[in-house]
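Since the structure comes first, as structure tokens, the remarks are kept for the end.
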Amino acid sequence: MTDTLSSARARRLALAAQGFTRARPASVSARHVHRVMDRLGVLQIDSVNVFARSHYMPLFSRLGAYDPSLLDRVFLSRTTHYVEYLAHEATFIPIEDWPLWRFRMEYFRDRYTAPGSWAASNARTLQWVQDELRTRGPLRPADIRADAPRERGTWWDWDDVKVALEHMWRIGDVAISGRKGFERTYALAEHVIPDAIRSQEIPTPDAIRELIRRAARSSGVATQSDLADYYRIRDRGAIAHAISELEDEGELLPVRVRGWERGGRPLPAWRHRDAVLPRKVDAAALLTPFDPVVWFRDRALRAFELDYRIEIYVPAEKRLYGYYSLPVLVGDRIVARVDLKADRQESTLRVQSAWWEPQAKPEDAERVAAELARAASWQGLENISVSGWGTAADAVHSALRAQPDIPVGRHVHTRENAA
């Protein structure tokens, strides 16, 4: 018999699976970071730095204020815990998961090394870059550029260095050994991934089954498309087979969620057997657009009524909500979105726009304001300034003025001058 869940229960299952029912620690340590990663499985990396780069945000959302250098030490230094790969988009993954992605590496190898491909036409470049990494160890593209022999002639193009490194990373011959600033450092995979891990062979069906199992655990309750998107697995047949096996073993339990429909018909969904249904979720958090709670737009709309689009590439005069708006979670609802900018020179968090979402309640302004104050403090900003753009702007400004110990002002910011 298939159980039926209300949409509110489904949201609570999803948020509990993502760690939003745990109390924020008084002091954040590496142990807390590893615990979050165990729940998420991956941490998506993004370069946009208007407020804070995306990969710093999920830890803040779940753990509260922490020293960003902790993330740098855990993820960006030469560590044995995590490495980067295309496990969703570019993400940090546990280093022991490297063999799980062999099927994706082989897919890229087959796709991008076929006759007539860039790799086939640039074998000399690939070999030279590989030799440089073997001889010199981990390098940035600029390091390779500085060492290039000038007598090589017209065949050499510096853009090809970066392409070669990215190609070899995709196919698993190269791994990211760290970053300097935000620039990747590349090394041969054998110099980054321990031999005992790199030598493991996991058949593709087993790898996909394990990833679907993990996606279900991290999602709490999910449709097939939700499970596929978590690790961006495209083989529908393999996904369906994995779900069927996991269901037969009792790890995935079929459910229906009220309101999760397509064409008037309920969408099949599954609850992970270990998913915990809390009586309530009392969290409040700013979410990056690349947080697993909202990164799959179909699921965000279906589960949270959040119709989200990143407007970075939308002309300023056509933006509806702002350059890089962040969804705001209160309880088990997405109640608002706020477009934030950290003005370091003025030591001010600029709330460039603030908008209510369909599930918002009047009393949510206070908790939104508290999260904005916490965000400003986390980023070392002494002031907050709120523009008048957006349906929530006035309420958020009023609630912020009631927050202790942080000056709050107003500034003009409109769709036309959004940047």
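Remember, predicted model here, so these are calculated numbers, not experimental data.
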Looking only at heavy atoms, what is the nearest atom pair of [X] and [Y], with distance?
X      : Y      : result
Ser218 : Arg39  : OG-O, 2.6 Å
Arg299 : Ser219 : NH2-O, 3.1 Å
Ala393 : Gly388 : CB-C, 3.9 Å
Val221 : Leu5   : CG2-CD1, 4.2 Å
Ala30  : Leu70  : N-CD1, 4.0 Å
Val335 : Arg333 : CG1-NH1, 3.3 Å

Is the NZ or CZ atom of [X] both under 6.0 Å from the centre of the six-membered ring of [Y] and within 45° of that ring's axis?
X      : Y      : result
Arg179 : Phe182 : yes
Arg302 : Trp260 : yes
Arg184 : Trp169 : yes

Between [X] and [Y] (side chain of the first, backbone of the second, donor and acceptor by atom type, cut-off under 3.5 Å), is there such a pair?
X      : Y      : result
Ser398 : Ala395 : no
Asp364 : Lys361 : yes
Asn122 : Ala164 : no
Thr391 : Trp355 : no

In terms of side-chain heavy atoms, does [X] have a donor or acceptor partner in [Y] at a distance below 3.5 Å?
X      : Y      : value
Arg344 : Gln379 : yes
Ser69  : Asp72  : no
Gln352 : Trp389 : no
His272 : Arg217 : no

Please identify each residue that fulfils ring-ring contact (aromatic ring centres under 6.0 Å, His included) with His241, with sequence neighbours left out.
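Testing His241 for ring-ring contact (aromatic ring centres under 6.0 Å, His included), a comparison that skips the adjacent residues, returns none.
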Apply the test ring pair (Phe, Tyr, Trp, His ring centres under 6.0 Å) to residues Tyr231 and Trp101: give CA-CA distance (whole Å), side-chain angles for both, the deciding distance (0.1 Å), then the verdict.
CA-CA 10 Å; Tyr231 290 109; Trp101 298 102; 5.7 Å; yes
Side chain to side chain, Ile208 and Thr204, heavy atoms closer than 4.5 Å:
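Side chain of Ile208 against side chain of Thr204, heavy atoms only: contact under 4.5 Å found.
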Heavy-atom side-chain proximity of Ile202 to Arg102 below 4.5 angstrom:
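Not touching, per the 4.5 Å side-chain cut-off.
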Thinking salt bridges, do [X] and [Y] make one under a 4.0 Å N-O criterion?
X      : Y      : result
Asp339 : Arg319 : no
Arg232 : Glu89  : yes
Arg136 : Asp143 : no
Glu249 : Arg209 : yes
Glu346 : Lys341 : no
Lys180 : Glu183 : no

Any chance the rings of Phe92 and His81 have centres within less than 6.0 Å?
no
Between Trp98 and Tyr85, does the ring centre distance come in under 6.0 Å?
yes
Sequence neighbours left out, what passes salt bridge (charged side-chain N to carboxylate O under 4.0 Å, His left out) with Arg62? Give chain and number order.
Asp291
Holding to salt bridge (charged side-chain N to carboxylate O under 4.0 Å, His left out), I want the full list of residues that pass it with Arg170, two or more places apart in sequence or in another chain.
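Here no residue qualifies.
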Do the rings of Tyr66 and Trp378 sit parallel, tilted or perpendicular, given the 30° and 60° boundaries?
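Rings of Tyr66 and Trp378: tilted, as their planes differ by 30° to 60°.
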Ring pair (Phe, Tyr, Trp, His ring centres under 6.0 Å) assessment of Tyr82 paired with His34:
CA-CA 10 Å; Tyr82 302 101; His34 297 316; 5.6 Å; yes
Donor-acceptor pairs under 3.5 angstrom involving side-chain atoms of residues 303-312: please list them, not counting sequence neighbours.
{"from": "Tyr308", "atom 1": "OH", "to": "Ser325", "atom 2": "O", "distance (Å)": "2.5"}
{"from": "Glu311", "atom 1": "OE1", "to": "Leu320", "atom 2": "N", "distance (Å)": "3.2"}
{"from": "Glu311", "atom 1": "OE1", "to": "Tyr321", "atom 2": "N", "distance (Å)": "2.8"}
{"from": "Glu311", "atom 1": "OE1", "to": "Gly322", "atom 2": "N", "distance (Å)": "2.9"}
{"from": "Glu311", "atom 1": "OE2", "to": "Leu320", "atom 2": "N", "distance (Å)": "2.8"}

All N/O donor-acceptor pairs, side-chain side in residues 276-290, below 3.5 Å, sequence neighbours left out:
{"from": "Asp282", "atom 1": "OD1", "to": "Arg367", "atom 2": "NH1", "distance (Å)": "3.1"}
{"from": "Thr288", "atom 1": "OG1", "to": "Ser54", "atom 2": "OG", "distance (Å)": "2.6"}
{"from": "Thr288", "atom 1": "OG1", "to": "Phe290", "atom 2": "N", "distance (Å)": "3.1"}

For residues 197-207, which residue pairs pass the salt bridge (charged side-chain N to carboxylate O under 4.0 Å, His left out) check, not counting sequence neighbours?
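Salt bridge (charged side-chain N to carboxylate O under 4.0 Å, His left out) check on residues 197-207 returns Asp195-Arg198.
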